[in-house]
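Below: one structure, written as structure tokens.
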Amino acid sequence: MKHSYLKNVSTLRMDSGKCTGCGMCLEVCPHHVFVMSKGKSIIVDKDRCIECGACVKNCPFKALEVKPGVGCAAAIIKGWLTGTEPSCDCSDGSCC
Amino acid sequence: MLDIVLNREIKINPTSSQLTTQDILGAWKARWGINRMNYKVEPGLYRLGNPDPNAPVLVTANYKMTFDALRKELTNFDAWILVLDTKGVNVWCAAGKGTFGTTELLNRLAVVQLDNVVSHKTLILPQLGASGVCAHDIQKFSGFKVVYGPVRAKDIKEFIQSGMKATDEMRTVTFSAYDRLVLTPIELVSTFRISLMIFGVLFLLNLIGIGPFGAVDFYAYVGAVIIGSVLTPVLLPWIPGRAFAWKGWFLGFIWVIVNLLMGWPSSEYSVLKALGYLLILPPVSAYLAMNFTGSSTYTSFSGVLKEMKIAIPAMIISIGLGAILILVNSFI
């Protein structure tokens, strides 16, 4: 059974002018957001993106941009309560 | 005269692909939250089987469940395992936090002097480590080339034997019913503390004569908790809708309706109290289901934030109204 989450929320952007078609983003993306087309990588399904930031971090040409973050409600609540950036800090025994 | 020792000792720890009963018990305990935050192996270089300088180097996290999951897949195999110090956190979460990251990998390569142990320049990293590691920086600063292996350890042998080629399937994160089921004990355990506080408050209300709260209330609440933290995660893709809070609310609502139709297990139940629980219990399930976003593999920060902005105020209003109804019910 396929999982699908909210649509039109991901902050992922591609500057195709900078893309050289090296294919690194296809390699690291855990959700098949990219495909190779005419020697360049294109975003084929943005709604599958989980904003993990793997593609951005591993793009040698800085063609990708995303606001990376954790898709974790507990972390976001903790961030609100403590006034810090939500991080995947599970030391209180909840989440991941 | 200063005596500078140029040759530091290279420390290599032995390990094997055999898991002991203790390893299996340890993993089970961690799933239930026992000693989970301190379930670690020492970072460093490990020798599995009888690797020579040409043997592959696999990089992993120092959460013991992660380390065990990797080595148990390496039967009859010779490899080096480089364990990073991720503070006892798995690869995916540690990569998100940056502890499974570029700096730690570069440091660890230097500490274990990997270039004096192996004759090649290739590191195999789990694909899910990619959000913490910048492959081109590793190459630039250490000379080692990072190859991202499969998502799951069970594919690692096939990946290496096929000349470091990952199939689409190896590259894809899945989230099967079993994957979800093994995550539910920790979800359940993490509700215990707040649940005990709620029981304490109800007990105090009983003492001061507001109530009485008893077995029926307990049963209704525990049902909502199990629905939010176990049933919703397991049934996740089959529940209509997309937002986790909605999915939990939906099942929680069904739980209350089914109970109302069946007349609850115990007899007297006023309309006011029933309405109160209809407002309180579905949001309880919704909240717990929403917290499962952190355990899931397919939610994004922007998505979770969007659903929370709607769900949290709705939950607070609903629970507040429900609590008023139940208190009013106690006074009349």
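Predicted, not measured: the structure shown is a model, and the values here were computed from it. Below, each value reflects all heavy atoms present in this structure, side chains not excepted, and no hydrogens, waters or symmetry copies. Sequence lines set the chain letters: A, B, ... in the order given, protein chains first and strands last, and positions in each chain run from 1.
The closest side-chain heavy-atom distance from B:Met308 to A:Trp80 is below 4.5 Å. Residues B:Arg242 and A:Lys7 form a side-chain contact, since some pair of their non-hydrogen atoms from C-beta on lies under 4.5 Å apart. For the pair A:Pro30/B:Arg171, no side-chain contact is recorded, criterion being any heavy-atom separation below 4.5 Å from C-beta on. Counting only heavy atoms from C-beta outward, the side chains of B:Val304 and A:Ile76 approach each other to under 4.5 Å.
In B:Lys64, the NZ atom is crowded: over 12 heavy atoms of neighbouring residues, nucleotides or ligands sit closer than 6.0 Å. The local environment of CD in B:Gln139 is crowded, with over 12 non-hydrogen atoms from other residues, nucleotides or ligands closer than 6.0 Å. Within a 6.0 Å sphere centred on NZ of B:Lys121, other residues, nucleotides and ligands contribute more than 12 heavy atoms.
Smallest separation of non-hydrogen atoms from B:Ser302 and A:Val9: CB-O, 3.2 Å. Heavy-atom minimum distance, A:Glu51 versus B:Phe301: OE1-N, 3.2 Å. Closest heavy-atom contact between A:Ala73 and B:Asn291: CB-OD1, 3.8 Å.
At a 4.5 Å heavy-atom cutoff, the contact between B:Leu305 and chain A is made by backbone and side-chain atoms alike. Neither the backbone nor the side chain of B:Phe292 comes within contact range of chain A; no heavy atom of the residue lies under 4.5 Å from a heavy atom of that chain.
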Which donor-acceptor pairs under 3.5 Å do side chains of residues 31-42 of chain A form with protein atoms, sequence neighbours excluded?
unit_1: A:His31; atom_1: NE2; unit_2: B:Thr297; atom_2: O; d: 2.7
unit_1: A:His32; atom_1: NE2; unit_2: B:Thr172; atom_2: OG1; d: 2.6
unit_1: A:Lys40; atom_1: NZ; unit_2: A:Ser16; atom_2: O; d: 2.6
unit_1: A:Lys40; atom_1: NZ; unit_2: A:Cys19; atom_2: O; d: 3.3

Does the side-chain contact (heavy atoms from CB on, under 4.5 Å) test come out yes or no for A:Lys57 and B:His136, once each step is laid out? CA-CA 9 Å; A:Lys57 199 140 200 163; B:His136 48 275; over 6 Å; no
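Among the candidates A:Asn8, A:Thr11, A:Val56, A:Ile77, the residue making the largest number of heavy-atom pairs closer than 4.5 Å to chain B is A:Ile77. Interface check for chain A: of the options B:Asp168, B:Val151, B:Val189, the most heavy-atom pairs under 4.5 Å are formed by B:Asp168. Contact tally against chain B (heavy-atom pairs below 4.5 Å) for A:Cys55, A:Gly69, A:Cys59, A:Pro60: the top residue is A:Pro60. Options B:Ser296, B:Gly132, B:Ala166 differ in how many heavy-atom pairs under 4.5 Å they form with chain A, and the most are formed by B:Gly132. Ranked by heavy-atom pairs under 4.5 Å with chain B, the first of A:Cys29, A:Ser10, A:Pro68 is A:Cys29.
Expressed to the nearest 0.5 Å, how far OH of B:Tyr298 lies from CG of A:Leu6 amounts to 9.5 Å. Note that OG of B:Ser300 is 10.5 Å distant from NZ of A:Lys46, once rounded to the nearest 0.5 Å.
Note on ring orientation: taking the six-membered ring where Trp is involved, the planes of B:Phe244 and A:Tyr5 are perpendicular (angle over 60°, cut-offs 30° and 60°).
For A:Ala54, the side chain to side chain contact (heavy atoms under 4.5 Å, CB included) criterion is met by A:Val28, A:Cys52, B:Ala130, B:Ser131, not counting sequence neighbours.
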